[in-house]
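Worksheet: the structure to be examined is printed underneath.
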Protein chains: 2
Amino acid sequence: MQTPETRTLLSKARIVRAAVALADRTGLESLTMRRLADELGVAPMSLYHHVPNKEELVDEMIETVFEEIEPPSLDGDWRTALRRRAHSTRAALNRHRWAVGHMEGRAKQGPASVRLHDAVLGCLRNAGFSIELTVQAYSVQDAYIYGFALQEKGLPFETAEESATVAEDQGWQIEELAAQFPYLAEVVAGHVAKVGYDFGEAFEYGLDLVLDGLAQRRDEA
Amino acid sequence: MQTPETRTLLSKARIVRAAVALADRTGLESLTMRRLADELGVAPMSLYHHVPNKEELVDEMIETVFEEIEPPSLDGDWRTALRRRAHSTRAALNRHRWAVGHMEGRAKQGPASVRLHDAVLGCLRNAGFSIELTVQAYSVQDAYIYGFALQEKGLPFETAEESATVAEDQGWQIEELAAQFPYLAEVVAGHVAKVGYDFGEAFEYGLDLVLDGLAQRRDEA
DNA sequence: ACCTGAACACCGTTCAAGT
DNA sequence: ACCTGAACACCGTTCAAGT
């Protein structure tokens, strides 16, 4: 005698996984306890047996994003280690755009988040950065990485070709704007519309600028 | 014969101003059409005669934040101009923490936002940056500024002294953490707890790093 | 132990009605 | 023209009840 409809049992892990998938598809605004329950074929209130409330659910979701970020290795070349970690972070944030302004400063930081923090600090310390410089280096890098992700989340195109198309589509505005905002018009018409805007290239450029600056400051000290 | 209770009439400007003040006090999550109406001593539905919906209200609120940011002057030293603009942005975002992740990439950018964009681009062009480099310089700066604001919004202290206190209060955790996360423990116990963490200093340091890097790249080209 | 239905105190927004 | 009350389709969450 089998229980009828022996669907996978509810569990915290299963709820969080479904929540992440739902947020990936529809955004965090649209993530609702009720919709999530629907997705899982369960009554809304069943969720509360595994998760205390929505806020802690989101905390758990954020943790899974941190779990997808590869911590830098503590030996080997620090620049390539930190560059890889930066790319890994950008990739995770692009897969989970809803997470973008929520990674830092949550009250409850989970183990994956703490482990990543520790590894980045360790990578810098082992590369010969002083404690003071390590703290600064951490701050600059993360400000840049998370700030870049914020820009990327905002803009409506993903590839360089798309961006050129978007720019062209709005071409009728350009002449109108040129009178009032000449520099903006120049950049849009004379550059973005021509070659498009490649986020990957831009990220790399700024990342190198930051890492170069840090290397310099370490060697000066 | 006076109309009784001739309180200031409702208007878009007055609604937006009240909304900003309410969000400053209680956060964007707590900003509700109904609470806002209450604040203004008016029925919730009255707001809809001046503002089409909540999303556009938030757009208007963001615009007022942009209005508080001083655009860089187009002549004079570009570094001091851009540094002032960066500080002006940080200050505005600290006054209106709810705005932090919402400044970029809104569908509808208002005139103050566009004017600021144009001025920053103009400042860079006039300083001899190529179009390509100008676009990059814009991206790196804004990623850093907005990313830093994100960090600042997250952390629970405002001054260096406060941060040292917070670090000390959690001192009992330190030894426990030290085994698993030695680098994190070292930084918290050996640096932050001692001298505290000064956001203003950290912002300046990273900002200089970014501006130095940009200057170098311009001169190499 | 695990799930649920009904209920409560909220949301944003529409619509027909008031002055 | 400007404001509003009642109503609708939603929220998160509690609580007492079901298996």
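Labels below follow one simple rule: chain letters A, B, ... track the order of the sequence lines, proteins then strands, and each chain is numbered from 1.
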Positive for side chain to side chain donor-acceptor pair (under 3.5 Å) with Asp59(B), one of His102(B), Lys108(B), Arg106(B):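 Among His102(B), Lys108(B), Arg106(B), the one meeting side chain to side chain donor-acceptor pair (under 3.5 Å) with Asp59(B) is Arg106(B).
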So, applying side chain to side chain donor-acceptor pair (under 3.5 Å) with Lys12(A), which one of His50(A), His49(A), Glu60(A) is it? Glu60(A)
Sorted by number, residues from residues 47-54 of chain B placing a heavy atom under 4.0 Å from DNA chain C are Tyr48(B), Asn53(B), Lys54(B)
By a strict heavy-atom criterion of less than 4.0 Å, which residues belonging to residues 18-41 of chain A are in contact with DNA chain C? Arg34(A)
Could you list the residues that satisfy ring-ring contact (aromatic ring centres under 6.0 Å, His included) with Tyr138(A), not counting sequence neighbours? His117(A)
Could you check whether any side-chain heavy atom of [X] comes within less than 4.5 Å of a side-chain heavy atom of [Y], counting everything from C-beta outward?
X	Y	value
His96(B)	Met61(B)	no
Glu63(A)	Pro111(A)	yes
Leu74(A)	Tyr183(B)	yes
Thr64(B)	Glu67(B)	yes

Show me the dot-bracket string of DNA chain C, counting Watson-Crick or G-U pairs under 3.5 Å, with | for pairs to another strand and [ ] for crossing ones. ||.|||||...|||||.||
I need the full list of salt bridge (Lys or Arg N to Asp or Glu O under 4.0 Å) pairs touching residues 31-54 of chain B, with sequence neighbours left out, sorted by first then second residue.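 Non-adjacent pairs meeting salt bridge (Lys or Arg N to Asp or Glu O under 4.0 Å): Arg25(B)-Glu39(B).
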Quick one: CG on Leu36(A) to CG on Leu31(A), what's the gap to the nearest 0.5 Å?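 Between atom CG of Leu36(A) and atom CG of Leu31(A) there are 6.0 Å.
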Taking the six-membered ring for Trp, are Phe148(B) and Tyr146(A) ring centroids under 6.0 Å apart? no
Walk me through whether His87(A) and Phe203(A) qualify under ring pair (Phe, Tyr, Trp, His ring centres under 6.0 Å). CA-CA 9 Å; His87(A) 279 111; Phe203(A) 183 67; 5.5 Å; yes
Examine distances only and state if a side-chain atom of Thr26(A) and a backbone atom of Leu22(A) form a donor-acceptor pair shorter than 3.5 Å.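 Pair found, side chain donor or acceptor close to backbone of Leu22(A).
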5' to 3' contact window, DNA chain C with chain A (heavy-atom distance under 4.0 Å): dC3(C) to dA7(C)
